[in-house]
Amino acid sequence: MESKIKISFPDGNTREFDKGISGAEIAKSISSGLLREALAIGVNAEVWDLSRKIETDASIKILKWQDADGKKSYWHSSSHLMAEAVESLFPGTKFGIGPSIDHGFYYDLDMGSHTLTPDDLVKIEQKMFEFVKRDAPFIRTEKSWEDAVAYFKQKDDPYKLELLDELKGQQISFYTHGNFTDLCSGPHIPSTGRIKAIKLLSVAGAYWRGSEKNKMLQRIYGISFPSQKDLDEYLFRIEEAKRRDHRKLGKELELFVFHDIAPGAPFWLPKGMIMFRELEKFLREELDQNGYQEISTPILVKKDLWEQSGHWAHYRDNMFLVECDETTYALKPMNCPESTYIYRNKIRSYKDLPLRYSEIGRLHRNEISGALGGMFRVRQITMDDAHIYCRPDQILDEVNSLIDLVARFYAIFGLKPMYNLSTRPDEAMGDPKLWDRAEESLKQALDGKSLKYNLKQKDGAFYGPKIDVQIEDALGREWQIATIQVDFVMLPERFELEYIAEDGSRQRPVAIHRAIFGSFERFIGIITEHFAGAFPIWLSPVQAVVLPITDAHMPYANKVADALRSANVRVELDDRNEKVNYKIREWETKKAPYMLIVGEKEKSNNSVAVRQHTKGDLGPMILEDFIRKIAKEISEKSLT
RNA sequence: GCUGAAGUAGCUCAGCUGGUAGAGCAGCGGUUUCGUAAACCGCAGGUCGUCGGUUCAAAUCCGACCUUCAGCUCCA
């Protein structure tokens, strides 16, 4: 029998080891530093414990904190540690599942009648630190299915027993550390001592196995790091996100407010409305230049339309209904079905296509109350919608120009786009040949531009494949905003759309649904957080403020403000009887891009002392020069 | 919709175990005329989310509802 195995490393090197060597031993053979940092080991396509014996040739990678899979086992192990702490403080707790997540870990708990309080979290956290000190190793054992069931029957944990139901007949792996043993496929880090910094973040309800039909358990979210510094940085980022919260900034900067009287629908204040209008203006300019025609369709339409489109069957509960003259109307939850009425207004020729109809439409969706959240989830949505009707052979061209359009938009905001391609789902409708062709077109468009994308198999809409565009904001958070959806069914077939082809036959067009901002509400929420309220100057509700030093400089200040105003700069004159320091402080907090301080010196030589937001005093400038500068920055939609 | 938490002046918040409300900022009136992040004095401002209950007495205790927040579920 062969007693040596070949291990190949990520750098391509291969070395021989004794059969049955562990990941830890391999790491140690490379360096003691690596062993200290090693958390788990990638073996071929799997992630294993460092202690597990390797019996065959394999390609391996020692996983550290820097590796995503390293973090995963670290956080997963932290969740076991938390479970141990919970069990020791609250004996009798039943355990659901306790996985790692993108940032940290959680464990779902059934604690009977006990409701966890923030104090409990502190106690659990302290207990965890206590256990960390014992540096207990995570030990993997395997039991037969019957023994596993017996174990949890004795422990009386119905959730684990339910999980075991699905593993019938298999060898079941368990992990034990300290006094806690859990059903778990692993892997885990070598020992609890590796967990240096822990923070339990929150407790919330969560349905067992994610189904609202099941019992609600209590979920503790937590995060852990190899050093206190990492934890501090993470907590700082959470604070930073709170500081940028658009609900807070929207109020402070007087952009919009919400009132109980209209849950889920913002009242746009004058300053917020300026931003809304600037976005609309920018959008319309772009679309006008790109062959779009703007339309506007009724908000209140008879339910018959939604029956025909299929929405009535699926989304009836989410529509606002109005009874009038014994007829049921609905506030439109989407624009698309109505755009077909404009398509069908005339007989369309193949020469007319593509027809690009854009619509800034106000939609209403009765989102369940628990889903509402600031501008991110509203019941009244203003969508930058468009429906492009084209021939199947035009899909590629259209998708190409849409991708360009989206990229151009996001570049203006300094947002990085990322693409997801979603393909045919199992319950797809429509001609498979069209599906193939459309998926091919979408792929071709992305590949042709050398864009990286995630393939989301079977994640398309029932009516066609789509490209979703995500952006990453200044805090590295990802948002799904734009979407490009090809549609063979919902509009073309349900509304029996046709065009006359070259040969005189009647053909069915393809519809492409697309949105760039997604919705004005959500987009403004996102960019508020992205820019932390300090918007690029073209969007900024106030672009410059004139601050006279004393009353004596009012006439000159007025002259400066007038000059800016006639150059179409949104300018305010702060004529309050306050010290300059006071005014500067206040306009800094309001994030005004420019402050123009005018006093004796400026008055005497037609200049302004320029102060830029966060950058401070830029020194004096001749008024005309400053106007040229700011006008240029506005028209170029400059980001600084 | 579900679980938990919260709702006091325009805003941010204090108000212990029941004795009918308080601060800072903002606002208004004065004084001050000032050079790059908060001058000073004064005034005014609240059915304590709504409705009901317990009590001699409720911001405070109880119930229902509304709204918000965290998470779950949902998101055409």
What is the pairing partner of [N], taking Watson-Crick or G-U wobble pairs with both distances under 3.5 Å in any strand?
N	value
B:A23	B:U12
B:C51	B:G63
B:C74	none
B:U17	none
B:G35	none

With the threshold set at 4.0 Å, does a side-chain nitrogen-carboxylate oxygen contact exist between [X] and [Y]?
X	Y	result
A:Glu233	A:Arg237	no
A:Asp304	A:Lys302	no
A:Asp108	A:Arg219	yes

Could you measure between the two [atom1] atoms, the one in [N] and the one in [M], and give it in whole Å?
N	M	atom1	value
B:G45	B:A26	C1'	11 Å
B:U50	B:A39	C1'	44 Å
B:C56	B:G18	C1'	12 Å
B:A58	B:C62	C1'	11 Å
B:C11	B:G27	C1'	12 Å
B:U73	B:A14	C1'	37 Å
B:A9	B:C28	C1'	15 Å
B:U54	B:A64	C1'	15 Å

Can you tell me which nucleotide in [options] comes closest to the side chain of [X]?
X	options	value
A:Glu578	B:G4, B:A39, B:C2	B:A39
A:Arg585	B:A76, B:G71, B:A38	B:A38
A:Thr589	B:U68, B:G35, B:A37	B:A37
A:Ile549	B:G1, B:C34, B:C2	B:C34
A:Asp617	B:G1, B:U68, B:U36	B:U36
A:Tyr315	B:G1, B:U67, B:A76	B:A76

If the cut-off is 4.0 Å, is [X] near the phosphate of [N], judged by side-chain N/O to OP1 or OP2?
X	N	answer
A:Thr550	B:C34	no
A:Tyr221	B:C72	yes
A:Arg219	B:C2	no
A:Tyr582	B:A26	yes
A:Lys251	B:U12	yes

Any donor-acceptor pair under 3.5 Å between the side chain of [X] and the base of [N]?
X	N	result
A:Gln218	B:G71	no
A:Arg316	B:A76	no
A:Arg377	B:C74	yes
A:Tyr207	B:G1	yes
A:Asn581	B:U36	no

Check your understanding: Judged by modelled atom types alone, do A:Tyr389 and A:Glu398 share a side-chain donor-acceptor pair under 3.5 Å?
Key -> no
Exercise for review: Could you tell me if the ring centre of A:Trp306 sits under 6.0 Å from that of A:Tyr315?
Suggested key: no
Check your understanding: Taking the six-membered ring for Trp, are A:Phe267 and A:His259 ring centroids under 6.0 Å apart?
Key -> yes
Revision key, fill the gap. Between A:Glu529 and the options A:Arg477, A:Lys242, A:Arg522, the salt bridge (Lys or Arg N to Asp or Glu O under 4.0 Å) test singles out A:Arg477
Contact class for [X] (heavy atom, under 4.0 Å): base, sugar-phosphate, or nothing?
X	answer
A:Pro333	base
A:Ala461	nothing
A:Arg247	sugar-phosphate
A:Gly374	sugar-phosphate
A:His311	base
A:Gly210	sugar-phosphate
A:Glu600	base
A:Gly264	sugar-phosphate
A:Glu254	nothing

Rounded to the nearest Å, what distance is computed from the [atom1] atom of residue [X] to the [atom2] atom of nucleotide [N]?
X	N	atom1	atom2	result
A:Leu372	B:A70	CG	P	11 Å
A:Phe256	B:U68	CZ	P	14 Å
A:Asp468	B:C75	CG	P	14 Å
A:Leu201	B:A5	CG	P	19 Å
A:Trp306	B:A76	CH2	P	15 Å
A:Asp574	B:A38	CG	C1'	14 Å
A:Lys591	B:A37	NZ	P	16 Å

**Study point:** Upstream residue (5' side of RNA chain B) when A:Leu116 and A:Glu588 are each assigned their closest nucleotide
**Key:** A:Leu116
**Study point:** 5' precedence on RNA chain B between A:Asp245 and A:Arg576 (nearest-nucleotide basis)
**Key:** A:Arg576
Check your understanding: Honestly, is A:Arg585 close enough over A:Tyr582, meaning NZ or CZ under 6.0 Å from the six-membered ring centre and within 45° of the axis?
Key -> no
Practice item. Check the pair A:Phe95, A:Tyr159 against ring pair (Phe, Tyr, Trp, His ring centres under 6.0 Å), reporting the backbone distance first and the verdict last. Key: CA-CA 7 Å; A:Phe95 293 89; A:Tyr159 303 103; 9.6 Å; no
Check your understanding: Is there a side-chain contact between A:Asp385 and A:Tyr357 (heavy atoms, below 4.5 Å)?
Key -> no
